[in-house]
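Nothing fancy with the numbering, it's 1 onward along the sequence.
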Amino acid sequence: MNPYLILPLFALFINLWLFTYVLALKGKHKVVHLYLLYSGALSLWIISIILYWSFLPFHWMIWIFKISSISWLLVGPLFLEFVFAFLSKNPNIVLYLLRGLALAIFPITLTTDWIIVGVERKYWGDMLIQGPLYVYGINLLTVSPPVYAIFLLIFESRKEEIGFRKQCYLLAFGTFLSSVLGFLTTVLPRILSKGDLNYPPLSGSVSVIQSACVFIAIAKYGFLEIRLEKIALQLYAKLREGVILLSASDDLLYWNESAKEMLGFPKATPTPEKLDLGKFLEGFTRRPFSRMDFKRKFSETKKISSEEDMFPSSDSVYLEVSKSEIPISGRDLGKVYVLRDITEKKEASERINMLYSRVIRDLDIAREVQNTITTRDFPSSDKFKIFSYFRPYDRVGGDVLNCSESADGSLEILFADVSGHGISSAMVAAMASISFNVFSRKGNKPKEGLLFTNDLLSSVVTQHFISAVFLKYDPNTRILEYSYAGHHAGLLLRDGQTLDLQGKGGVLLAVGTPILEDFQIQLKPGDRVLLYSDGLFEVRGSKGIPMGNATLVEAVKKLSYQDSDSLIRSLVSYSESFGDGIMTDDLTLFCLEING
């Protein structure tokens with residue numbers, strides 16, 4: 001065996017391994033396709049060198065040289081065409097010219113002696129004897145394309161991102177190295193020795209360096225489709241969501257069965273090369289968006305079950321479409337669309353809106369009911385006056401203010417605050433109000449009234465508790481009896497002073513039977529008793545700090561010179577100002593003013 005064959009055999013092995021690897025994983029991209037053509041031509045060139053150096057019958061060699069010349073004539077133009085595709089650059093006149101020259105010189109080589117005159121046997125194998133146009137042809141088709149390619153790779157990639165620029169530099173380096181070695185070992189010696197060679201030419205074998213650099217570039221920059229992508233496509237096919245992958249020019253690269261079904265694409269229709277989603281979705285836009293809802297233009301009529309008769313159902317189909325750009329290969333970007341059928345969600349939303357409207361109407365009715373069981377028109381007398389303010393957090397609230405007058409002119413007042421707010425608190429407040437109406441007819445002590453409410457509601461109310469004050473005032477004796485059930489102290493405004501209405505007691509409905517006490521105070525003309533719910537002082541300032549009861553009491557002291565109606569309104573305004581108009585709970589105030 002000729003020992004010099006080791007070099008081209010090794011080069012052939014490397015190039016065929018790269019060629020086979022890319023062929024096994026290749027995608028549809030033009031860059032990969034052109035690499036395979038270039039690598040195939042290079043492999044034929046190396047195989048030709050192996051034949052040249054195998055000492056075949058001498059009379060065969062002239063035709064072997066002439067026929068195999070097509071390989072080295074095409075390698076240069078094919079590599080240059082690969083570079084144009086890698087740079088996403090449109091072919092120019094230079095590339096067209098080189099293509100034409102390569103195809104034109106081959107028949108000249110076969111039919112004349114202008115390129116190859118004959119064959120000479122050397123110690124490493126057979127060497128062609130060059131014709132008058134050989135040096136010009138090899139310089140034009142083998143040397144000039146790599147030189148032009150190096151120029152393009154360096155200057156066309158200057159404004160690209162760093163990752164792509166590195167791959168261009170790698171291609172340029174591999175091309176430069178293989179071209180220099182090939183020129184120094186093949187072309188230059190022939191020029192200097194007038195066509196003779198004294199050692200083996202390496203131009204074909206060293207070109208594998210260029211091929212290896214091309215492989216690294218396309219692999220690192222994502223032109224190759226790896227097996228994991230095929231697995232991902234299989235997973236996409238089984239997803240319930242629709243998945244559509246389009247190129248930048250709307251070429252349909254992939255879609256799964258769910259996408260076809262959601263778009264209403266006819267099953268018997270062939271898959272289109274391009275996909276215009278605007279034909280399937282109303283109002284579809286090409287402008288950038290991340291997620292939008294669209295109505296499908298064509299839909300199947302949905303059957304309405306008997307359970308849905310109370311709600312209107314539409315036969316329309318609504319799709320939620322998510323869109324994002326995705327790199328397909330190299331610098332090419334595609335668009336991936338994920339489709340979700342939200343028809344049921346849309347219908348459910350419409351039902352929720354209907355139910356919400358009904359709930360709002362029911363709340364309005366509940367508010368009217370609460371107004372009927374909450375005292376708004378208080379007893380009038382020349383011995384006292386009553387002032388109040390009530391505003392629920394929501395349409396209905398959990399504050400209770402009830403007042404009744406007995407036959408002898410005595411007043412019984414329940415001022416209570418149910419924990420929480422909203423419908424459930426309003427229901428408990430209504431039950432407490434009814435309990436008060438039942439007990440107030442018996443004329444017992446305030447403590448007993450609160451215990452009666454606790455016993456009556458404890459068996460049915462488990463998620464709320466009640467803080468309350470029960471007042472009993474006799475205008476004839478001006479004696480005020482009262483009992484606290486976990487409520488903060490009321491205020492007594494007397495002679496320009498603001499005093500606490502002393503007393504305390506356990507919260508109702510909290511644990512078992514609360515410990516309560518009766519308290520009594522002698523009032524005099526000019527006194528005012530002020531009660532308020534915690535919604536007045538639990539508002540938070542701009543820094544999130546709550547007002548607190550102590551701050552409110554200080555405000556009452558400063559505003560106590562005002563008449564009762566003005567005082568209540570000023571306190572509400574003060575609370576709203578402190579909390580920037582944001583309420584946190586129901587708001588209720590009560591003021592009993594003693595006249596004489």
Side-chain angles (χ1 to χ4, degrees), residues 374-376 378-381 383-392 397 399-404 411-417 436 446 450 466-475 478-505 519-539 546-579 583 585-596:
T374 301
T375 303
R376 290 293 184 272
F378 295 96
S380 60
S381 172
K383 297 180 179 180
F384 61 83
K385 285 185 180 180
I386 296 176
F387 302 87
S388 68
Y389 181 90
F390 176 75
R391 187 171 71 187
D399 283 357
V400 180
L401 176 56
N402 251 4
C403 179
S404 66
L411 295 177
E412 289 187 351
I413 302 154
L414 175 64
F415 189 97
D417 183 2
F436 168 79
L450 294 175
I466 303 174
S467 65
V469 184
F470 198 114
L471 305 174
K472 189 172 183 179
Y473 176 65
D474 185 350
R478 300 196 192 94
I479 294 176
L480 177 67
E481 298 178 275
Y482 59 95
S483 181
Y484 285 112
H487 203 277
H488 52 269
L491 299 178
L492 174 62
L493 280 60
R494 172 179 287 176
D495 299 330
Q497 294 181 313
T498 301
L499 308 171
D500 284 344
L501 200 60
Q502 297 295 329
K504 61 180 180 179
F519 301 92
Q520 181 177 299
I521 186 173
Q522 180 69 51
L523 299 179
K524 59 182 182 179
D527 286 349
R528 287 183 288 179
V529 176
L530 180 65
L531 302 177
Y532 50 89
S533 61
D534 54 11
L536 192 64
F537 59 80
E538 286 184 349
V539 292
M547 177 196 295
N549 190 36
T551 303
L552 180 65
V553 171
E554 291 300 319
V556 174
K557 291 179 180 179
K558 295 177 181 179
L559 298 171
S560 60
Y561 66 89
Q562 298 181 355
D563 62 77
S564 298
D565 186 58
S566 299
L567 174 63
I568 288 177
R569 297 187 181 280
S570 296
L571 291 176
V572 172
S573 298
Y574 178 78
S575 177
E576 290 177 339
S577 176
F578 188 93
M583 293 178 59
D585 203 349
D586 305 319
L587 191 60
T588 307
L589 292 92
F590 171 83
C591 181
L592 174 62
E593 183 178 297
I594 309 302
N595 293 333

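Leu530 contributes atom CG, which lies 10.5 Å from atom CG of Leu501 (distance to the nearest 0.5 angstrom). The CD atom of Glu593 lies 10.0 Å from the CG atom of Asp527; values are rounded to the nearest 0.5 Å. Once rounded to the nearest 0.5 Å, the distance linking CG of Leu552 with CG of Leu536 reads 4.5 Å. Atom CG in Leu567 sits 13.0 Å away from atom OH in Tyr574 (nearest 0.5 Å). Asp399 contributes atom CG, which lies 12.0 Å from atom OH of Tyr389 (distance to the nearest 0.5 angstrom). A distance of 11.5 Å separates CG of Leu571 from CD of Glu576, quoted to the nearest 0.5 Å.
Proximity of Leu471 to Leu592: side-chain heavy atoms (C-beta onward) are nowhere separated by under 4.5 Å. At least one side-chain heavy atom of Gln522 sits less than 4.5 Å from a side-chain heavy atom of Ile479. Between Ile413 and Leu401 the shortest side-chain heavy-atom distance falls below 4.5 Å. Side chains of Glu538 and Pro546 form no contact here, defined as non-hydrogen atoms less than 4.5 Å apart. Here the side chains of Leu450 and Ile466 are not in contact, with every heavy-atom distance at 4.5 Å or above. Proximity of Phe387 to Arg528: side-chain heavy atoms (C-beta onward) are nowhere separated by under 4.5 Å.
The two atoms that bring Asn595 and Ser381 nearest to each other are ND2-O, 4.4 Å, heavy atoms only. Between Gly535 and Ser575 the shortest heavy-atom distance is O-OG, 4.3 Å. Across Tyr484 and Gly490, no two heavy atoms sit closer than the pair OH-N, 2.9 Å. Contact detail for Ser564 and Cys591: the closest heavy-atom pair is OG-SG, 3.7 Å.
At distances below 3.5 Å, not a single donor-acceptor pair connects side-chain atoms of His487 with backbone N or O atoms of Phe470. Counting only distance, with no hydrogens or angles, the side chain of Ser533 and the backbone of Asp417 share no donor-acceptor pair below 3.5 Å. Side-chain N or O atoms of Tyr482 include one that pairs as donor or acceptor with a backbone N or O of Gln502 at under 3.5 Å. Checked by atom type and distance alone, the side chain of Ser573 pairs as donor or acceptor with a backbone atom of Arg569 at under 3.5 Å.
Ion pairing of Lys385 with Asp565 is absent here, as no side-chain N (NZ or NE/NH1/NH2) approaches a carboxylate O to less than 4.0 Å.
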Inset, instruction - Apply the test side chain to side chain contact (heavy atoms under 4.5 Å, CB included) to residues Arg478 and Tyr473: give CA-CA distance (whole Å), side-chain angles for both, the deciding distance (0.1 Å), then the verdict. - result: CA-CA 7 Å; Arg478 300 196 192 94; Tyr473 176 65; 3.7 Å; yes

Inset, instruction - With side chain to side chain contact (heavy atoms under 4.5 Å, CB included) as the test, would you mind laying out the steps for Phe378 and Leu411 before giving the verdict? - result: CA-CA 10 Å; Phe378 295 96; Leu411 295 177; over 6 Å; no

Inset, instruction - Start with the C-alpha gap between Val529 and Phe384, add the side-chain angles, then the distance that decides, and say whether side chain to side chain contact (heavy atoms under 4.5 Å, CB included) holds. - result: CA-CA 11 Å; Val529 176; Phe384 61 83; over 6 Å; no

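For Arg494, the CZ atom sits in a packed shell: over 12 heavy atoms of surrounding residues, nucleotides or ligands are nearer than 6.0 Å.
Aromatic ring pairs are classed by plane angle as parallel below 30°, tilted from 30° to 60° and perpendicular above 60°; the pair Phe415 and Phe590 is tilted.
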